[in-house]
Amino acid sequence: MNFLKRLENEILIADGAMGTLLYSYGKDSCIEQLNLSHPEQILDIHKAYLDAGAQIIQTNTYAANYLKLSRYSLEESVKEINSKAVQLAKQAVQSNAYVVGSMGGNRGINPQSLSIEEIKRSFREQLYCLLLEGVDGILLETYYDLEELETVLAIARKETDVPIIAQVSMQEVGLLQDHTTVSEALTRLESLGADVVGLNCRFGPHHMLRALEQVAIPAKAFLSAYPNAGLPAYTDGVFHYDGDPDYFRKSAQSFREQGVRLLGGCCGTTPEHIRAFALELKHAEPVSKKKLTIKEERIVISLPVIEREFPPLQNIVKERPSVIVELDPPKKLDTDKYFKGVEALKEKGIDAITMADNSLASPRVSNSALGYLVKQQTGVRPLIHLTCRDRNIIGLQSHLMGLHTLGLNDLLAITGDPARVGDFPGASSVYDVSSFELIQMIKQFNEGLSFSGKDLGQKTSFSVAAAFNPNVRQLDKAVQRLEKKISYGADYFITQPVYSEDKIISIYEETKHLDTPIYIGLMPLTSSKNAEFLHHEVPGIKIADSIRHSMAVYNDDPIKAAQEGIKITKSLIDTAAELFNGIYLITPFLRYEMTAELSEYAKHTSERLRRKHRV
Ligand SMILES: Cc1cc2nc3c(=O)[nH]c(=O)nc-3n(C[C@H](O)[C@H](O)[C@H](O)COP(=O)(O)OP(=O)(O)OC[C@H]3O[C@@H](n4cnc5c(N)ncnc54)[C@H](O)[C@@H]3O)c2cc1C
Ligand SMILES: [Zn+2]
């Protein structure tokens, strides 16, 4: 009898974790490779689970796919590892127990980093290996990304008639990463042909039960749950779970009441947890009816929106010429000169001071601390750059909440120069998200929702700029990137510094179909050496030969060289102001007198042009 037939009238107990059990045995290399190197150990674990009362055990193949094995250069061993895993599990079972082939999800918090095509290829290969060895079912587990699970489930359903268990892992209680509710996800999995649908990993019994309270008993499929043994602790460099098996025993009846018919364990569980489930549910009748707890709809629409002090820059620059100036927080602690710069620029009537987030990956005074002081003390609008390099998604969201609290509502969302270009090349670059997702995250905050869809209780009022690098060989490709950023929610763009009139004209030609405003970046050169360094060594900056030649003329005279730098920038402003309302001036080395002079020039030029065009 296959196990689906039995689930019609019985609750079945599945086994618990393989991975964390092997990890706690001290094996932190490739867990699945142990099928080949330590088969006895795997066999012992299977036997221990069966002895504890498990009726369905999983093969030790959770990550035995091409994509994950290649991290250990074991991609050539997919067949060997999977075949051996099934053989070991089958060797352990006697009659009345079943072997399901475990196949884990690959996509993490950043689904786009792994294409569906790669996933399909890798999945098919592992699936055939497991089916060929004659598993009694397939266990699709730990899928955070619903698109991935739906894709692989459809493939599996087409390829085999053996029972399929399809399990998602929640991001928040009741919600998946893409904000689909668990209830909807399980319905979709059922309609794609999964025989058992449910939850595994990430949460322990408490949160899993809270989520299941909102899930109706599926019409055709059976419901499953494989909770973790609580949250892991981290001591002496290792993760370990201290979940108490007796606590599992106490939760078993609740799982039954929620309609669960296949109950097992995930990370941190041991044969003792499974024994507790098995003893508690021995001869227990499955339930077919339950009362649903309907969670109140989040009424995010009515969340308060906090008023902005300054209208968003995208509105300003659509209406009239606008000059913003980058004045980067210093690399040393003294901020006197910085504030002198802010005052000098304020006098020129600029619309914002933009403040880098550790540009070129070198530490600077925190731009949010300094930005807040700039706003409080001078009334100038700070525009805060925000990179994906220095903060993980926890830090980024906390930072966004802090910026909102400080009333710093103007942001530039960028990937950020990688750590290896900066003062601490060995530092890690986080990049949990790309600039696209950062833009999306900020826009979600404006809807009152965290990155994972949690209610924030207020809507933020961020305006989000994004970076546009036109200094590339194929400008059309950069424009495609810009269009993609618009689709993620970018409100306007700020370019890398441009050093040629032709480039400004091509930017105009390639982007004139767009509504989203662009600030053209211009940075005065300070010397010939500065020009050569920027041209040859700084990513994203290219300087026209003619400009480098003009700077070279004043090689030995710093004052004349800076004047030449200003002259060149003024001539670029003449072109930019004809075509764009937005001018973004970058202050080199805190030399604010240069950008103050240029701000004045840019404003006069724009006004002159406006008068001319009005006539
Ligand atoms: C206005 C502005 C302000 C900046 N401020 C800071 C700052 O405060 N701190 C800091 O560390 N850095 C800053 N940078 C630098 C920026 O983070 C780096 O240039 C980064 O490599 C690109 O950032 P992005 O957000 O434009 O990248 P994205 O567009 O998100 O690009 C990310 C990755 O894709 C690559 N890429 C970009 N365009 C293309 C293309 N056309 N084709 C193929 N690949 C491409 C990039 O090289 C990069 O590796 C700033 C840049 C600009 C333009
Ligand atoms: Zn797990």
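Indexing begins at 1, ligand by ligand and atom by atom, following the structure's order. All figures in this text were calculated on a predicted structure; none of them were measured in a lab.
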- Task: Using distance alone, with no hydrogens and no angle criterion, decide if Ser322 and Asn581 have a side-chain donor and acceptor under 3.5 Å apart.
- Result: no

- Item | N/O separation below 3.5 Å, His385 to ligand 1 | yes

- Task: Compute the shortest N/O to N/O distance between Gly416 and ligand 1 and return yes if it is under 3.5 Å, no if not.
- Result: yes

- Query: Under a 4.5 Å cut-off applied to non-hydrogen side-chain atoms, are Pro418 and Tyr431 in contact?
  - Reply: yes

- Which option out of Thr415, Ile439, Val538, Asp417 puts a heavy atom nearest to atom 25 (O) of ligand 1? Thr415

- Test salt bridge (Lys or Arg N to Asp or Glu O under 4.0 Å) applied to Asp410 and Arg381, step by step: CA-CA 8 Å; Asp410 296 283; Arg381 174 207 304 253; 3.0 Å; yes

- Less than 4.0 Å between atom 22 (C) of ligand 1 and some protein heavy atom, yes or no? no

- Message: Side chain or backbone, does Thr387 bring an N or O within less than 3.5 Å of an N or O on ligand 1?
- Response: no

- Query: Do Lys484 and Phe436 meet the cation-pi criteria used here (NZ or CZ under 6.0 Å from the six-membered ring centre, within 45° of the axis)?
  - Reply: yes

- Would one find more than 12 heavy atoms of other residues, nucleotides or ligands at under 6.0 Å from atom CG of Asp476? yes

- Between the candidates Lys485, Arg481, Met355, which shows the shortest non-hydrogen contact distance to atom 24 (P) of ligand 1? Lys485

- Task: Answer yes if a protein heavy atom lies under 4.0 Å from atom 1 (C) of ligand 1, otherwise answer no.
- Result: yes

- Query: Can you find a heavy atom in the side chain of Phe533 that is under 4.5 Å from one in the side chain of Val538?
  - Reply: yes

- Task: Indicate whether any N or O donor in one side chain lies under 3.5 Å from an N or O acceptor in the other, for Glu141 and Ser102.
- Result: yes

- Can you pull out the closest protein heavy atom to atom 52 (C) of ligand 1? Residue, atom name and distance to 0.1 Å, please. Ala467 CB, 3.9 Å

- Examine Glu326 against ligand 1 and note whether any of their N/O atoms are separated by less than 3.5 Å. no

- Message: Does the residue Arg389 have a heavy-atom contact with ligand 1, meaning some pair of atoms that are separated by less than 4.0 Å?
- Response: yes

- Test item: protein heavy atom less than 4.0 Å from atom 32 (C) of ligand 1: yes

- Give the atoms of ligand 1, by number and element, whose distance to some non-hydrogen atom of Ala478 is under 4.0 Å. 41 (N)

- Item | ligand 1 atoms in contact with Ala356 (distance to a heavy atom under 4.0 Å) | 8 (O)

- Are Thr61 and Glu32 linked by a side-chain donor-acceptor pair shorter than 3.5 Å? no

- Taking the Zn ion (ligand 2) as the vertex, measure the angle between atom SG in Cys267 and atom SG in Cys266; round to 10°. 130°

- Note on the structure: So the atoms of ligand 1 within less than 4.0 Å of a heavy atom of Ser435 turn out to be 25 (O), 28 (P), 30 (O)

- Message: I'd like to know if the side chain of Asn200 reaches the main chain of Thr142, judged simply by a donor and an acceptor atom lying under 3.5 Å from each other, with no hydrogens or angles considered.
- Response: yes

- Looking only at heavy atoms of Gln474, does any of them come nearer than 4.0 Å to an atom of ligand 1? no

- If we number the atoms of ligand 1 from 1 as shown, the ones under 4.0 Å from a heavy atom of Leu412 are 1 (C), 2 (C), 3 (C)

- Do we see a donor-acceptor contact under 3.5 Å between the side chains of Ser452 and Gln177? no

- atom 19 (O) of ligand 1: any protein heavy atom closer than 4.0 Å: yes

- Query: Is Asp432 salt-bridged to Arg391, going by a charged N under 4.0 Å from an acidic O?
  - Reply: no

- Item | For Thr587 against Glu326, the heavy-atom pair lying closest together | OG1-O, 2.6 Å

- Under 4.0 Å from atom 49 (O) of ligand 1, do we find at least one protein heavy atom? no

- Who's closest to atom 53 (C) of ligand 1 heavy-atom-wise, of Arg364, Gln496, Glu437? Gln496

- Among the heavy atoms of Pro539, does any lie under 4.0 Å from an atom of ligand 1? no

- Query: If you measure every N/O of Tyr584 against every N/O of ligand 1, is any gap under 3.5 Å?
  - Reply: no

- Task: Give a yes or no on whether atom 43 (C) of ligand 1 lies under 4.0 Å from any heavy atom of the protein.
- Result: no

- Query: With a 4.5 Å heavy-atom cut-off, do Pro470 and Val498 have their side chains touching?
  - Reply: yes

- Query: Among Ile494, Ile414, Asp357, whose heavy atom sits nearest atom 4 (C) of ligand 1?
  - Reply: Ile414

- Do any nitrogen or oxygen atoms of Lys477 lie less than 3.5 angstrom from nitrogen or oxygen atoms of ligand 1? no

- Message: Name the residue from Tyr519, Phe580, Tyr584 that meets the ring-ring contact (aromatic ring centres under 6.0 Å, His included) definition with Tyr492.
- Response: Tyr519

- Query: So is Asn469 in contact with ligand 1, going by heavy-atom distances below 4.0 Å?
  - Reply: no

- Task: Indicate yes or no for a side-chain donor-acceptor contact from Ser251 to the backbone of Phe248 under 3.5 Å, with no hydrogens or angles considered.
- Result: yes

- Compute whether any side-chain donor of one residue and acceptor of the other, for Gln314 and Ser463, lie under 3.5 angstrom apart. yes

- Message: Within ligand 1, which atoms have a heavy atom of Asn358 less than 4.0 Å away?
- Response: 11 (O)

